[in-house]
Number of protein chains: 2
Amino acid sequence: MKQEAASFPAQGAQADSQFATRILLLDAAERLFSQHGIEGTSVREIIKAAGVNLGAVNYHFGTKQRLALEVFARRLEPVNRKRIALLDVLEAQAGRRKLKLERIIDALIRPAVETMEDGTPACDDFMRLTSRCFQEPDPEVKSFVEQQFAEVVRRFDSAILRTLPWLPAGELFWRMQFLFGALHHGQEILLRFDQVPQPQLDVSPVKPDREGFIKRVVSFVTSGLAAPMPDVR
Amino acid sequence: MKQEAASFPAQGAQADSQFATRILLLDAAERLFSQHGIEGTSVREIIKAAGVNLGAVNYHFGTKQRLALEVFARRLEPVNRKRIALLDVLEAQAGRRKLKLERIIDALIRPAVETMEDGTPACDDFMRLTSRCFQEPDPEVKSFVEQQFAEVVRRFDSAILRTLPWLPAGELFWRMQFLFGALHHGQEILLRFDQVPQPQLDVSPVKPDREGFIKRVVSFVTSGLAAPMPDVR
DNA sequence: TCTTGTTTCATACGTTTGTACGAAACGTAC
DNA sequence: GTACGTTTCGTACAAACGTATGAAACAAGA
């Protein structure tokens with residue numbers, strides 16, 4: 001029988017490997033989805049990579065789509081929670097003083113780039129997944145992702161607006177979109193750095209470590225966010 | 001029998017509708033690919049949308065993958081040609097004078113956003129396609145796209161470096177990546193603007209027209225590119 | 001030990017997939 | 001008008017697809 005609430009642990013499961021195959025499936029699906037997209041990955045490839053039986057997907061997730069949804073949820077939620085937590089800390093530290101824009105952006109960028117501390121080793125897969133999450137064609141996945149980001153954007157928007165009081169809120173919307181685009185594409189390139197054809201220049205670009213990458217993104221988008229208003233219309 | 005050189009017109013075809021089904025297929029595939037990705041679109045959906053026979057794909061393109069490749073090539077090449085052409089004009093006008101960074105970026109952004117003047121009406125599909133082109137999981141498509149962009153990046157890199165002589169070339173590489181990320185994600189959001197959940201703010205964001213969008217992107221990424229060097233290492 | 005609930009496994013089903021192939025239809029040149 | 005190269009069409013096929021199902025394996029409680 002299928003279990004009704006997939007997110008609740010079962011009592012009858014063995015103690016040490018609770019939900020082992022569930023997690024094996026999520027890990028394998030994450031890797032494959034991040035490389036070939038959802039449609040480009042078959043259930044059979046996933047179960048083969050996970051080393052479990054074909055029926056396991058149907059049993060644990062019902063359908064492939066729900067598996068995909070849980071794959072995204074598992075990564076997005078912690079990242080976005082951490083973003084808000086970092087902003088909370090920042091605002092608490094600042095008290096009444098004005099926050100530096102750069103610090104706010106760092107709190108937004110860092111959780112997406114840094115390896116999460118839950119001990120899972122496949123950190124590249126997370127990053128690729130989060131950087132791909134906006135582009136997923138599946139409408140259900142897309143709306144889930146956008147919903148996930150809604151709260152983060154709301155919190156950071158108001159924090160940023162306080163540091164840029166001259167910027168209309170409607171303008172910040174677009175600048176935030178540019179921010180996420182820059183971040184996610186940058187992550188994608190960072191991960192595929194060795195395969196991406198480098199431009200023939202006098203100096204070849206360096207592959208920064210995580211901290212260097214964060215600094216570069218933060219620097220770029222901080223300047224972009226604080227850009228003077230263009231004379232639109 | 002299949003024709004050997006697919007890019008050459010056949011003599012026996014009727015005069016007015018030369019390659020009619022070829023173009024119908026490219027148009028339909030473009031729209032569907034841009035919405036659901038390559039893997040997410042079946043050959044049968046394409047031929048149904050194009051109103052042609054199933055065999056047509058095999059006859060005109062051989063395989064689905066080659067069709068996809070031609071779909072991308074048809075749009076990317078003109079956009080990138082136009083980028084370089086605009087830069088040529090700009091540099092010719094400037095003569096010995098120094099170019100303004102903003103103008104260079106405009107030449108890079110504008111062709112991707114503006115409707116091409118070849119009379120085709122499906123301008124949204126182009127834009128969505130060009131904004132998705134970097135994310136396509138198919139490795140053959142991916143390498144094609146990256147190769148396509150290589151020359152553009154090379155030309156614009158050196159033009160930009162002349163306006164920002166203090167910026168190391170290796171740093172510009174990353175800023176260019178952020179630029180493309182911001183542009184493409186911004187385009188994606190612009191196209192889906194009405195479906196994207198807007199943040200609850202005092203002021204709701206406006207949907208700019210093409211020119212307004214270009215100005216906003218250019219403003220953002222120009223500031224980002226010219227950002228002061230962060231103290232990395 | 002027997003029961004119960006959970007998880008795994010093997011297998012099967014009905015679709016849909018990409019591609020292939022031969023016959024028909026077409027326009028053009030001789 | 002007949003022959004020819006090009007394009008269309010209908011259909012076929014094997015493979016892969018997502019999903020369903022029922023029996024086996026398992027752990028734990030009574």
Side-chain angles (χ1 to χ4, degrees), chain A residues 1-26 28-29 32-33 36-71 137-138 140-141, chain B residues 1-26 28-29 32-33 36-71 137-138 140-141:
Chain A
M1 296 297 122
K2 298 184 196 174
Q3 59 195 37
E4 278 300 308
S7 48
F8 250 80
Q11 296 123 340
Q14 51 264 63
D16 65 335
S17 66
Q18 259 192 339
F19 287 97
T21 66
R22 242 189 98 86
I23 290 168
L24 284 173
L25 276 172
L26 286 169
L32 293 169
F33 286 162
H36 313 114
I38 296 176
E39 298 271 7
T41 308
S42 73
V43 175
R44 283 170 174 81
E45 286 172 325
I46 297 170
I47 60 106
K48 198 176 286 181
V52 302
N53 188 267
L54 178 55
V57 169
N58 193 265
Y59 174 73
H60 286 282
F61 302 96
T63 67
K64 178 188 173 184
Q65 201 193 39
R66 201 174 299 273
L67 164 61
L69 227 61
E70 292 215 36
V71 165
D138 184 301
E140 195 148 347
V141 171
Chain B
M1 296 300 118
K2 300 182 194 174
Q3 58 196 33
E4 277 301 306
S7 47
F8 250 79
Q11 296 121 342
Q14 51 264 60
D16 64 335
S17 65
Q18 258 192 340
F19 287 95
T21 65
R22 242 189 98 84
I23 291 170
L24 284 173
L25 275 173
L26 285 170
L32 292 169
F33 286 162
H36 312 114
I38 296 176
E39 297 271 10
T41 309
S42 73
V43 175
R44 284 169 173 82
E45 286 172 324
I46 297 170
I47 60 107
K48 198 177 285 182
V52 302
N53 188 267
L54 177 57
V57 169
N58 192 265
Y59 176 72
H60 286 283
F61 301 96
T63 67
K64 178 188 173 184
Q65 200 194 38
R66 200 174 298 273
L67 163 61
L69 226 61
E70 292 217 34
V71 165
D138 184 301
E140 196 148 346
V141 172

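Below, all heavy atoms of this structure are taken into account, side chains as well, without hydrogens, waters or symmetry copies.
Checked against D:dT8, C:dT19, C:dA12, the side chain of A:Leu54 finds its nearest nucleotide in C:dA12. Out of D:dT19, C:dG18, D:dT8, the shortest distance to the side chain of B:Lys64 is found at C:dG18. Out of D:dG10, C:dG18, C:dA12, the shortest distance to the side chain of B:Asn53 is found at D:dG10. Proximity note for A:Ser42 (side chain, C-beta onward) versus D:dT11, C:dT17, D:dG18: the nearest is D:dG18. Checked against D:dT6, C:dG18, C:dT7, the side chain of B:Arg44 finds its nearest nucleotide in C:dG18.
Side-chain contact between A:Leu25 and A:Tyr59: absent, with no pair of heavy atoms (C-beta onward) separated by less than 4.5 Å.
For A:Asn58, no side-chain nitrogen or oxygen approaches OP1 or OP2 of D:dT19 to under 4.0 Å. Listed pair A:His60 / C:dT8 meets the phosphate criterion, a side-chain N or O lying under 4.0 Å from OP1 or OP2. Proximity of B:Thr21 to the phosphate of D:dT8: a side-chain N or O atom is located under 4.0 Å from OP1 or OP2.
Atom pair A:Ile47:CD1 and C:dT7:C1' shows a separation of 16 Å (rounding to whole Å applied). Computed from coordinates, the A:Leu25 CG to C:dT8 C1' distance equals 12 Å when rounded to whole Å. Atom-to-atom, NZ of B:Lys48 to C1' of C:dG18 comes out at 16 Å; the value is rounded to the nearest Å. What separates CD of A:Glu39 from C1' of D:dC17 is a distance of 11 Å, to the nearest Å. B:Phe61 places its CZ atom 12 Å from the P atom of D:dT7, with the value rounded to the nearest Å. Following rounding to the nearest Å, A:Arg22 (CZ) and C:dT6 (C1') show an atom-to-atom distance of 14 Å. Atoms NE2 (A:His36) and P (D:dC17) sit 13 Å apart, rounded to a whole Å. Atom CD1 of A:Ile46 is separated from atom C1' of D:dT19 by 14 Å (rounded to the nearest Å).
In this structure, CD in A:Glu39 is found 6.0 Å from NZ in A:Lys64, a value given to the nearest 0.5 Å. In this structure, CD1 in A:Ile47 is found 6.5 Å from CG in A:Asn53, a value given to the nearest 0.5 Å. B:Leu26 CG to B:Ile46 CD1: the interatomic distance, rounded to the nearest 0.5 Å, is 10.0 Å.
Each of B:Glu45 and A:Gly55 was assigned the nucleotide of DNA chain C with the nearest heavy atom; the assignment lying further toward the 5' end belongs to A:Gly55.
The heavy-atom pair separating B:Ile38 from B:Ala68 by the smallest distance is CD1-CB, 3.6 Å.
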